[in-house]
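To start, the structure itself, in structure tokens.
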Amino acid sequence: MFDTIVVATDGSDSVRRAVDVAVDVAVRFDAEVHALYVVDSGEVESTPDEVRDDLRDALDDHGEDALEQVTDAAIARDADLDITSEVREGRPAPEIAGYAREVDAGVVAMGTRGRHGENRFLIGSVAERVVRTCPIPVLTVRQLTDEDPRRTTI
């Protein structure tokens, strides 16, 4: 059913569970995994010129760490998966959707913090924009709270 899975990650705790779910789906369907991190060009361009290059370098380093989490999740499951990692720069939602089309993904997996109401409108949601605009199915995985009995530590 799924030959290729794109895992969009920013390295945050809210994505960690989505990474685990994506690895599980990939194992079940013997799918190829593409781990994607997008450096938000808007964030970079809105910083002062004096620190822009340092910020870009820091975000690139953070991206590499975030992508390693996907490989680490596969190793933890003792899963023999074909994982391709990619760092892109641009607006996250269009970059994720575009990359998924490029690699002919069957599904995009990503985390969400599960914000509702005013917080969602004030903060915005990359996951929501991807769900609304991506022509490929999107699997969103909500971060569990510390009190949720389904929460496991990694």
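Quick note: numbers below take in every heavy atom, side chains included, and nothing from hydrogens, waters or symmetry partners. Predicted model, so just to flag it, every value in this text is computed and none were measured.
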Beyond-backbone contact of H34 with T4, side-chain heavy atoms, under 4.5 angstrom:
yes
Would you indicate whether D80, at its atom CG, is surrounded by more than 12 heavy atoms from other residues, nucleotides or ligands within a distance under 6.0 Å?
no
Please list, chain by chain and in numerical order, all residues satisfying side chain to side chain contact (heavy atoms under 4.5 Å, CB included) with V131, sequence neighbours excluded.
V138, T140
Any chance you could lay out the side chain to side chain contact (heavy atoms under 4.5 Å, CB included) test for I5 and E32, step after step, and finish with the verdict?
CA-CA 6 Å; I5 298 171; E32 179 180 330; over 6 Å; no
So, taking the atom named CZ in R101 and the one named CD1 in I96, what distance separates them when rounded to the nearest 0.5 Å?
12.0 Å
Contact list for residues 56-75, test ring-ring contact (aromatic ring centres under 6.0 Å, His included), sequence neighbours left out:
Y37-H62
Taking everything shown except D54 itself, do over 12 heavy atoms lie less than 6.0 Å from its CG?
yes
Kindly give the heavy-atom pair with the smallest separation between G106 and P137, and that separation in Å.
O-CD, 3.5 Å
Are there over 12 heavy-atom neighbours, none belonging to D61, within less than 6.0 Å of that residue's CG?
yes
dist L59:CG -> S41:OG (nearest 0.5 Å) comes out at 11.0 Å
Would V126 and V39 show up in the same hydrophobic cluster when neighbours are defined by side-chain heavy atoms closer than 4.5 Å?
no
Passes side chain to side chain contact (heavy atoms under 4.5 Å, CB included), L81 versus V23? Steps please.
CA-CA 8 Å; L81 295 174; V23 166; 4.0 Å; yes
Straight-line distance of E86 CD to E95 CD, nearest 0.5 Å
9.5 Å
For the residue pair A127 and G111, what are the closest heavy atoms and their distance?
CB-O, 3.8 Å
From the list D65, L36, V15, V38, side-chain contact (heavy atoms from CB on, under 4.5 Å) partner of T9 resolves to V15
Which heavy atom of A18 sits nearest a heavy atom of M110, and at what distance?
CB-C, 3.5 Å
Looking at residues at least two apart in the chain, or sitting in another chain, which of them share a salt bridge (Lys or Arg N to Asp or Glu O under 4.0 Å) with R91?
none
Given side chain to side chain contact (heavy atoms under 4.5 Å, CB included), test D3 with F29 step by step and report yes or no.
CA-CA 7 Å; D3 294 329; F29 290 99; over 6 Å; no
Taking the side chain from R17 and the backbone from R142, do they hold a donor-acceptor pair closer than 3.5 Å?
yes
Do NZ/NE/NH1/NH2 and the carboxylate oxygens of E43 and R52 come within less than 4.0 Å?
no
Check whether V25 and V19 end up in the same hydrophobic cluster, where Ile, Leu, Val, Met, Phe, Trp and Tyr are linked by side-chain heavy atoms less than 4.5 Å apart.
yes
Consider only side-chain heavy atoms of I, L, V, M, F, W and Y, link residues closer than 4.5 Å, and tell whether V21 and L67 are in one cluster.
no
Membership question, hydrophobic clusters at under 4.5 Å side-chain separation (ILVMFWY): are V87 and Y99 in the same one?
no
Between R16 and D20, does the salt bridge (charged side-chain N to carboxylate O under 4.0 Å, His left out) criterion hold? Intermediate values first, please.
CA-CA 6 Å; R16 207 172 293 254; D20 289 340; over 6 Å; no
Output yes when D60 and R56 qualify as a salt bridge under the 4.0 Å nitrogen-oxygen rule, no when they do not.
no
Between V51 and T47, the two heavy atoms sitting closest are CG2-CB, 4.2 Å
Show your reasoning for whether side chain to side chain contact (heavy atoms under 4.5 Å, CB included) applies to V108 and C134.
CA-CA 9 Å; V108 174; C134 190; 4.2 Å; yes
Nearest heavy-atom pair of A105 and V6: which atoms, and what distance?
CB-CG2, 3.7 Å
